[in-house]
Amino acid sequence: MEKFLGRITPEILLVVDEAYFEYVTDADYPDSLSYSREARALLTLRTFSKLYGLAGLRIGYGIGPKGLIDLMHRVRQPFNVNAAAQWAALAAIGDRDHVKRSLAVNREGMDYLKKEIAKLGLEQVSSQANFILVRVGDGERVYHELLRRGVIVRPMGAYDFSEHIRVTIGTSEENSRFISELRAIIKE
Ligand SMILES: *Cc1c(COP(=O)(O)O)cnc(C)c1O
């Protein structure tokens, strides 16, 4: 991050998408806010869609220098975030128990899925977020098979990972359902 910032001039707008930052435990993960300066066009984007579980309300936020935010205010739509979403976001951000529970469900689900995927003999990419990339062979086929059985994951061909699927950590029931359907499919 520091190397990158050193290579661009401060007037170049750098947008840092931190949709998953609340989940991260890796000490090397850069804190973009610590690089924020009035004289640097750095905009940090965060969302209520992941950890807080409010994706359907379409609300997130940006943090940046006053000058940059002022320019955004001049061009944004006047009523871009509705009142219900704002109230829900305010309630969620102050709800430490909700956040703790959400992190715990993710951590436990991640540990469980990592272990079970390894048991199935499949490669996986270690993750700091709320999803795992699993190498299943034919990602598109496994995606369709899972879909037919009522489990929705994401095929990754569009990202040039046609041998992988991406699975989001769910509740413990959802996670074990995913594993048993996946096991059945790869043993076919
Ligand atoms: C979810 C997500 C966002 C934010 O999505 P919204 O629901 O529009 O707030 C941004 N970037 C990435 C990579 C995401 O996965």
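If you're wondering where the values come from, they're calculated on a predicted model, not measured in any experiment.
For Arg74 and Asp70, the salt-bridge test passes: some basic side-chain N is under 4.0 Å from an acidic carboxylate O. Electrostatic pairing of Glu174 and Arg177 does not count as a salt bridge here, judged by no charged N lying under 4.0 Å from a carboxylate O.
The CZ atom of Arg141 sits 7.0 Å away from atom CD1 of Ile185, with the distance rounded to the nearest 0.5 Å. Remark: Leu182 CG to Ile117 CD1 distance equals 7.5 Å, nearest 0.5 Å. Going from atom CD1 of Ile12 over to atom CZ of Arg40 covers 12.0 Å, rounded to the nearest 0.5 Å. Taking CD of Gln124 as the start and NE2 of His164 as the end, the distance is 10.0 Å to the nearest 0.5 Å. If you take CG on Leu120 and CD1 on Ile186, they are separated by 4.5 Å, rounding to the nearest 0.5 Å.
Heavy atoms of other residues, nucleotides or ligands lying less than 6.0 angstrom from CZ of Arg37 number more than 12. Counting heavy-atom neighbours within 6.0 Å of Asp26 CG, excluding the residue itself, gives a total above 12. Other residues, nucleotides and ligands contribute at most 12 non-hydrogen atoms within 6.0 Å of the CZ atom of Phe161. Other residues, nucleotides and ligands contribute only 12 or fewer heavy atoms inside 6.0 Å of the OH atom of Tyr159.
Contact of the Val16 side chain with the Leu14 side chain is registered, since non-hydrogen atoms from C-beta on lie closer than 4.5 Å. Looking at heavy atoms from C-beta onward, Val24 lies in side-chain contact with Gln128 at the 4.5 angstrom threshold. For the pair Tyr112/Ile179, a side-chain contact is recorded, criterion being any heavy-atom separation below 4.5 Å from C-beta on. Residues Ile69 and Leu43 meet the side-chain proximity criterion, which asks for heavy atoms closer than 4.5 Å. Using a 4.5 Å cut-off on side-chain heavy atoms (C-beta onward), Leu51 and Tyr23 make contact. Residues Arg154 and Tyr143 form no side-chain contact, since every pair of their non-hydrogen atoms from C-beta on lies 4.5 Å or further apart. Leu5 places a side-chain heavy atom less than 4.5 Å from the side chain of Met1.
At distances below 3.5 Å, at least one donor-acceptor pair connects side-chain atoms of Asn106 with backbone N or O atoms of Ala129. Side chain of Glu140 to backbone of Ser162: no donor-acceptor contact under 3.5 angstrom is found. At least one donor-acceptor pair closer than 3.5 Å links the side chain of Glu38 to the backbone N or O of Lys66. A distance-only check finds a donor-acceptor pair linking the side chain of Asn175 to the backbone of Thr171 [under 3.5 Å]. A donor-acceptor pair is defined here as one N or O able to donate and one able to accept, closer than 3.5 Å; no such pair exists between the side chain of Glu116 and the backbone of Ser176. Formation of a donor-acceptor pair under 3.5 Å by the Glu123 side chain with backbone atoms of Val134 is not found in this model. Using a distance-only test at 3.5 Å, with no hydrogens or angles considered, no donor-acceptor pair links the side chain of Ser102 to the main chain of His98.
Using a 4.5 Å cut-off between side-chain heavy atoms of Ile, Leu, Val, Met, Phe, Trp and Tyr, with links allowed through other members, Val151 and Leu147 fall into the same hydrophobic cluster. Leu68 and Leu33 fall into different hydrophobic clusters, defined by Ile, Leu, Val, Met, Phe, Trp and Tyr side-chain heavy atoms under 4.5 Å apart, directly or through other members. In terms of hydrophobic clustering, with Ile, Leu, Val, Met, Phe, Trp and Tyr side chains grouped at heavy-atom distances under 4.5 Å, Phe48 and Leu103 are assigned to a common cluster. If you chain together hydrophobic residues whose side chains sit under 4.5 Å apart, Phe79 and Leu90 never meet in one group.
Listed by first and then second residue, the side-chain hydrogen bond (donor to acceptor under 3.5 Å, both in side chains) pairs that reach into residues 8-21 are Thr9-Glu11, Glu18-Ser32, Glu18-Arg46, Tyr20-Lys50, sequence neighbours excluded.
Of all heavy-atom pairs spanning Ile169 and Ile132, the tightest one is CD1-CG1, 4.0 Å.
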